[in-house]
Amino acid sequence: RLRADSLIGRTARANLTSAFRAPDIEPVLSVAGRAGAPSVWKNVSSTAQNIRPINISDALGRVTPLRIAPGKGPDRLPNVQAEPAFQKGWFEIQDEGSQIVADLVYAQPGEQVFDYCAGGGGKTLALSASLDNKGQVHAWDADRNRLAPIFDRLKRAGTRNVQVHAADADLSPLKGKMDRVLVDAPCTAEGNLGPRTRESGDYRTFIAGVQEALLRRALELCRPGGRVVYSTCTFAPEENEAVLDAALRAFEDVDVVEV
């Protein structure tokens, strides 16, 4: 618990306290700083037998068959990237939070899906697997360096239904045509409960503006009746509820649904 407390800044602690009621917050604090366990999903685009790509353990860490538990003491985690099956593209490594976000998009075969903050392409691959190589996934990120690894990952996975757009690409022809849009927005990363958290008030104000702009563009890309999934890894209401409220004021025909 001491280690967990030392990793959580004052602002993050306040947001956690408002997001979780006691004693619900105790399990969250107890896992802060714990060694991460790699999670994998089977690539349905490979020649292996098709199964659902997601296999989730709950938030308190109870394991599923596709979650690899960390070693104890000095033991090291297995280097699953060295496995021939990984090199052949039979499975992907992706943390469970990202798997859950991709699954909440509910992408269906034949649909047009846009991954608006694609990063290294992990969620893009998961969305592609959900489509069973039918339909199309569009991947875009403002940072071309973050997006660069996606090309090798797509090739290794044997993915054939992903179109990668450059940061300066003209996306206007896609407006109103996407069935699903995922915005896994950049944020202050409070949900990581670790050193990556950025608690500066100036940065939070800046990033909230970026998030609002991203969500507005995502809503423009989505067709009437489609689904936009907005996610962050922070508990800060300024980066979640406030961003959604601003978007709802700008787009009166948008409904919020529970997931």
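Residue numbers count from 1 along this sequence.
- Under the 3.5 Å distance criterion, the side-chain polar atoms of E239 are matched with a main-chain donor or acceptor of T188.
- Here the CG-NE2 distance, from L182 to H138, works out to 14.0 Å after rounding to the nearest 0.5 Å.
- Of all the heavy atoms in A157 and L125, the pair that sits closest is CB-CD2, 3.9 Å.
- Panel note: side chain E212, backbone A247; no donor-acceptor pair is recorded below 3.5 Å.
- When the salt bridge (Lys or Arg N to Asp or Glu O under 4.0 Å) test is applied to K175, the partners found at least two apart in sequence or on another chain are E220.
- The two residues I207 and P186 come nearest to each other via the heavy atoms CG1-O, 3.5 Å.
- One N or O on the side chain of W140 and one on the backbone of A167 form a donor-acceptor pair closer than 3.5 Å.
- D132 places no side-chain N or O within 3.5 Å of a backbone atom of K134 that could act as its donor or acceptor partner.
- Using a 4.5 Å heavy-atom cutoff, the side chains of V164 and L154 are in contact.
- How far CG of L219 is from OH of Y230: 11.5 Å, rounded to the nearest 0.5 Å.
- In this structure, the separation between OG on S130 and CZ on R180 is 10.0 Å, given to the nearest 0.5 Å.
- Within the 3.5 Å criterion, the main-chain N or O of T234 finds a donor-acceptor partner in the side chain of N240.
- We find the CD-CG distance between E241 and L248 to be 11.5 Å, quoted to the nearest 0.5 Å.
- Contact record, D141 with R146: OD2-NH1, 3.9 Å, taken as the closest heavy-atom pair.
- Between L131 and Q108, the shortest heavy-atom distance links the atoms CD2-O, 2.7 Å.
- A pairwise comparison of heavy atoms in L127 and A102 identifies CD2-O, 3.7 Å as the closest pair.
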Hey, can you pull the donor-acceptor pairs under 3.5 Å for the side chains in residues 113-123, sequence neighbours left out?
residue: D115; atom: OD2; partner: T124; partner atom: N; Å: 3.3
residue: D115; atom: OD2; partner: T124; partner atom: OG1; Å: 2.7
residue: K123; atom: NZ; partner: D184; partner atom: OD2; Å: 2.8

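- Closest approach of R223 and D179 over heavy atoms only: NE-OD1, 2.5 Å.
- Here Q112 contributes atom CD and M178 contributes atom CE; the two are 5.0 Å apart, rounded to the nearest 0.5 Å.
- Rounded to the nearest 0.5 angstrom, H165 NE2 and L174 CG are separated by 5.0 Å.
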